[in-house]
2 protein chains.
Amino acid sequence: MPDTRQRLIDGTIETIRQHGIAGTTARSIAAAAGVTQALVFYHFGSVQELVKAACLAVTQDRLPLFEERLARMRSLGDLLALHTDEQARGNLRVLAQMMAGARGNPQLAAATAAALRLWLAPLRATLERLLADRLDAGGLAEALCAALLGLELVDAVDPATATTALTALHRLSTNLPD
Amino acid sequence: MPDTRQRLIDGTIETIRQHGIAGTTARSIAAAAGVTQALVFYHFGSVQELVKAACLAVTQDRLPLFEERLARMRSLGDLLALHTDEQARGNLRVLAQMMAGARGNPQLAAATAAALRLWLAPLRATLERLLADRLDAGGLAEALCAALLGLELVDAVDPATATTALTALHRLSTNLPD
DNA sequence: GTCTATACCAGGATAGAC
DNA sequence: GTCTATCCTGGTATAGAC
């Protein structure tokens, strides 16, 4: 049985994934973690601090693997295949929900902005390598990130439309000028 | 002084814009509308129903103008200029927040999905006209919508990054094969 | 239709036993 | 470190006067 701090972080991520940021409370987190609600406050002081810790964890846990796979990429198509794996894990959905909850919440905004930059740096480097000088790689990395985050929103209300849009991105990636 | 139903709808939109869906409560809406909290329930029965009504309103109000401007478009650049106007009004931000709140909320999901389709249909028609058969216009309309919604999330946590990404989309629109 | 007052409940947070 | 029990606040919703 892993230590309680880790179970609470995992429970938070799972709760956000399933119920969205609005449905993420001390009680729902504790239920997902299989512990008592009081432990949220014993270990993290507040729900907000736990959510911030979960934000950091969901980013840092996958980052080494993410960077390693990016380094081996040969095409934009590979990039979208990587996204398929990450999407299945639901990490992007968690990040999208946290960003939505960050509107009007400076503390959560700072935490998610840090997570976003952590993903963005290696992604930008990879796009610069793949695209050379043919396109504005820096801005494209950010636009691509935004598009994939937006897809998580669309998926929440209309999964079929999200699938169609993702397919279009795949096709577009093979049609960019080179 | 406009009628109370309308003031409540306007107050809801304004509240979501400023405080996000998580900060949108019967009390905050009533404060924005300048009326008493009890009137939310008298006129709409529940906060949820009011939010759904606001979702419909924020979509339908701008739709005629939106469609008219789309019909006159000559290039993808015109499209992003139109987006600049809509973004300034904050309607897209409201829709993004509603979609985020719709995760795990079937009723709100249905309402926002309907709004999304209302925007999407004329946008798809315009892209089909502009792109002819050069690209998959249907899927691109959906991908573009997702990207712009995602930008609203990024903007909440890191406005500078959102601006960079939008600039990249502008540049990309002039680099698509034709 | 609009207000004040209030019932009710869920969520955040703390106290204290173990 | 973990539990049960509890407090308090703020959010939803209703009752009843005007």
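Treat the numbers as computed from the prediction; the structure is a model and nothing was measured. Scope of the values below: all heavy atoms of this structure, side chains included, with no hydrogens, waters or symmetry mates.
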Do any N or O atoms of the protein come closer than 3.5 Å to N or O atoms of nucleotides 4-11 of chain D, and which pairs are they?
residue: D:dG11; atom: N7; partner: B:Arg27; partner atom: NH2; Å: 2.3

**Report entry** Donor-acceptor contact below 3.5 Å, side chain B:Ser28 vs main chain B:Gly23
**Finding:** yes
Query raised in the report: Distance from B:Leu63 atom CG to B:Leu70 atom CG, nearest 0.5 Å?
Result: 9.0 Å
Report task. With the side chain counted from C-beta on, respond yes when A:His83 and A:Leu166 share a heavy-atom pair under 4.5 Å apart, and no when they do not. Result -> yes
Query - Backbone N/O of A:Glu152 and side chain of B:Arg103: donor-acceptor pair under 3.5 Å - result: yes
Requested in this report: Would you indicate whether the side-chain heavy atoms of A:Val154 and B:Cys145 approach each other to under 4.5 Å?
Outcome: no
Report summary line: The reported gap from CG in B:Leu120 to CD in B:Glu142 (rounded to nearest 0.5 angstrom) is 4.5 Å
Report task. Indicate yes or no: does A:Arg117 engage B:Asp158 in a salt bridge with an N to O separation below 4.0 Å. Result -> yes
Query raised in the report: Do NZ/NE/NH1/NH2 and the carboxylate oxygens of A:Arg17 and A:Glu14 come within less than 4.0 Å?
Result: yes
Requested in this report: Give me the first and last nucleotide of DNA chain C, going 5' to 3', that has any atom under 4.0 Å from a heavy atom of chain A.
Outcome: C:dG11 to C:dT14
Query raised in the report: When the distance from CG of B:Leu39 to P of D:dT14 is rounded to whole Å, what number comes out?
Result: 14 Å
**Report entry** Nucleic acid contacts of residues 48-56 of chain A, taken as heavy-atom distances under 4.0 Å to DNA chain C
**Finding:** none
Query raised in the report: Is the closest basic N to carboxylate O distance between B:Arg72 and B:Glu68 below 4.0 Å?
Result: yes
